[in-house]
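Proteins come first, then strands; the chains are lettered A, B, ... in the order of their sequence lines, and each starts at number 1. Here the structure is a predicted model, which means the values were calculated and not measured. These numbers come from the heavy atoms of this one structure, side chains and all, not from hydrogens, waters or symmetry mates.
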Amino acid sequence: MNVSTAGITPPSLFPRPVLGSTPMPVQNLNAELNGPQLEAVTTLEGPVLIIAGAGSGKTRVITYRIAHMLERGIPQHAVLALTFTNKAAREMESRVKELTGRKLQSLTVSTFHAFGVKILREEIEVLGYRKNFSIYDETDRNQLIKDSLRECKVSPDGVDLYKLGQVFSSVKIGALRWGEGANSAFQPVYDEYQQGLKIFNALDFDDLLALPIELFETHPEILEKYRRRYRYIMVDEFQDTSFIQYQLMKLLADQNICVVGDDDQSIYSWRGANYENILMFERDFPGTREIKLEQNYRSTSTILEAANGVISNNTNRKEKTLWSGNGGGKPIELFHPQNESEEADFIAARIRELRIQEQLRYEDFGVLIRTNSMTRNIEEAFLAENIPYRVSGGTSFFQRKEIKDVLSYLRVIANHDDDVNLLRIINTPRRGIGKTAVMELSELAKKNGSGIWAALDAFNRAAAHGQGTFGDLDPLFQDKGRLEIDGFIALIEGFREEILGRKNSLSRNVRSLVDKIDYWSYLVTEHSKNDKVARWKFLNIDSLIRSIETWENNPDTADTGLYAYLNRVSLITGSDDGPEEEGLGKVNLMTIHASKGLEFPVVFIAGAEDGIIPHSRSVEEGGDIEEERRLFYVAITRARDKLYITSCLRRKKMQGADESSPSPFLAEIPGHLIEYHEGEKKVENGEAEDYFALIKSKFA
DNA sequence: ATCGAGCAGCTTTTT
DNA sequence: GCTGCTCGAT
């Protein structure tokens, strides 16, 4: 990490030269890598399967491998590295940049989904969509499903939208078929949903993978183009690759394909991940060179031994022996707090204490939880103790209503046919186009087989000419609604011209858009009782606009247009940070899922209780207990030096009893590694004052 | 017909 | 504790 020279901050609006831009050629591979790592880095030709245990330097291997490729003269554009999360992609890219000191122009490092988008933005027209397609997230998609249900006259009562969405997803990625696992009663709804997407020129997340495959299968010449380009492909977190991702990879890959994974860390099967594709890979790519990375560089042997103790209870795994050259280390501390707030206080107190005693920084702590909802208590404790923290996961910045509203405007400006987003904003802020009007317009759109926008437009034009072509529409509405619709169309069209004309920067246009629709007044009226909320939401919008600014001014941003922006922002989800999230100097609070691939000197696993890890839902739904165990394994192996596990005796639950019992997985940790923590040590008054003095001096 | 207040249901993990 | 939805008031 580059330490920015203290006190001197360059004006950040201007492109900065890359720090340490002297190329740092990777010549001393032998000295920097162990045997298997070296083999993994230098075996560039042919299929390679790398089984990389936790903490075995996987990221290091991948980045060195890419650097080595470039060193050997393989052109950047021929290299494709696919990752699982945006975070991982960003991290990999910046590490390669750091390592090679090169400017990365045509190297492709992205998630499967982002890669799908990249292809579709180029080629989708042959599939009958337009290039300005919208991308629907969970919320958008649920909205469309809801509309489809209504359209099919299926009562939405008793239908779990979320679950139905998962069924749709499973069907789309080929995991289920109608009548086989998917209730065929919903097939018409699915068809309606699909038709909706097509009319709205919108894609859901699954389409981002399914459509490229369709494209490649129906247009071999296009596939050929990409196969010729990407001659070196790497896939990270291969164990979390779904079958559809595997198919996409297989279509593209020729011979030089390298996948990296660890079956013990497969924790996404609920999303269609299938670690058996490790086996599939060996079948599909004969002559695969298998390389095992088994030396753990991360954790103390105490932590590793605990992790091994747990994971060895899984039956279905590839045999491997992870060993550590690091010393024994401190015992794992187990604490049974009375309830979740004592748990949170314990964690906060320990962090405060250790930071001073062990000279640690806030970012050295990772607090891992099973569900996003568990952040609340811990956040409260952090706030009370003045501990800076950052949460990843949960409702991300981009899911907040006010942000979605603004982005919906942008999406509609970009793609008029995007009904879900159009409907979101057509009366937000209120502009007198209410429910009935929208219903009428939907009818009209339906009749014309178009989207709402086309209906608005048609209505507007016809009404302007005083034509009575809308016999079905309420005549009253025709008179009153006309002006409103007129205004709305003018608003959107006006900003479309403005933004696409690019006379001003996007951020500036967005600011004037927010002004123009008077979102502030809207917030104030919506939250008349609580102007703090209104203020907070407006600040969020402000920081959205500032993040657009930052993005525009970033020298790495090739295209600062609307489409490029939406493209980027549509793929940001859960575990991605909102604008200006700076990880430094903050405790990391996140779900175990989000923690994969990260490491911290000190880790807390909170809520290690039966019903949480393993999660009761997962057990009930015929989930895989072994996957829950892997999840716990992932959590343990995030720790470098010190691991705390807390398991509450009582926890407030949605339904059912308060009593909690410890996670059965705790018993799988060899007893001699554990030290029980008896109650909270009361901080003496004098000591407390010392802390205050110290903390104060830090903030001074 | 539109808007506002109060109510219900929710919380497994993510692209 | 937050969002979205329904019903009643205007």
Interatomic distance, [X] [atom1] vs [N] [atom2] [rounded to whole Å]:
X       : N       : atom1 : atom2 : result
E138(A) : dT12(B) : CD    : P     : 13 Å
Y633(A) : dT13(B) : OH    : C1'   : 19 Å
R568(A) : dT15(B) : CZ    : P     : 14 Å
E379(A) : dC2(C)  : CD    : C1'   : 14 Å
I625(A) : dT12(B) : CD1   : P     : 16 Å
L368(A) : dT12(B) : CG    : C1'   : 15 Å
M590(A) : dT14(B) : CE    : C1'   : 14 Å
Y246(A) : dT15(B) : OH    : P     : 24 Å

Worksheet item: Charged N to carboxylate O under 4.0 angstrom, E609(A) versus R650(A)?
Response: no
Worksheet entry | Presence of salt bridge, K118(A) and E123(A), under 4.0 angstrom | no
Side chain of [X] (C-beta onward), nearest among [options]:
X       : options                   : value
H593(A) : dT3(C), dT14(B), dT15(B)  : dT14(B)
T591(A) : dT11(B), dT12(B), dT13(B) : dT13(B)
K401(A) : dT11(B), dG4(C), dT15(B)  : dG4(C)

Discussion item. Which is more 5' along DNA chain C, the nucleotide nearest T139(A) or the one nearest E380(A)? Just name the residue.
Written reply: E380(A)
Fill in: Contact nearer the 5' end of DNA chain C, comparing Q143(A) with R376(A)
R376(A)
Response to the item:
By nearest-nucleotide position on DNA chain B, the 5'-leaning member of L631(A) and N427(A) is N427(A)
Item to complete: Starting from the 5' end of DNA chain B, give me the residue, F84(A) or E628(A), whose nearest nucleotide shows up first.
Response: E628(A)
Fill in: Whether F168(A) and Y193(A) hold their rings parallel, tilted or perpendicular, with breakpoints at 30° and 60°
tilted
Practice prompt. Check whether the side chain of T371(A) and the base of dT12(B) form a donor-acceptor pair under 3.5 Å.
Written response: no
Item to complete: Record whether the side chain of H113(A) comes under 3.5 Å of the base of dT15(B) through a donor-acceptor pair of N or O atoms.
Response: yes
Worksheet item: Atom CD of Q245(A) and atom CZ of F115(A): how far apart are they, to the nearest 0.5 Å?
Response: 12.0 Å
May I ask you to verify if any side-chain N or O of [X] is less than 4.0 angstrom from the OP1 or OP2 atom of [N]?
X       : N       : value
T85(A)  : dT14(B) : no
K146(A) : dC5(C)  : yes
N86(A)  : dT14(B) : no
N372(A) : dT13(B) : yes

Worksheet item: Are side-chain N/O atoms of N201(A) and D418(A) paired as donor and acceptor at under 3.5 Å?
Response: no
Worksheet entry | Exercise: do N313(A) and R629(A) side chains pair donor with acceptor under 3.5 Å | no
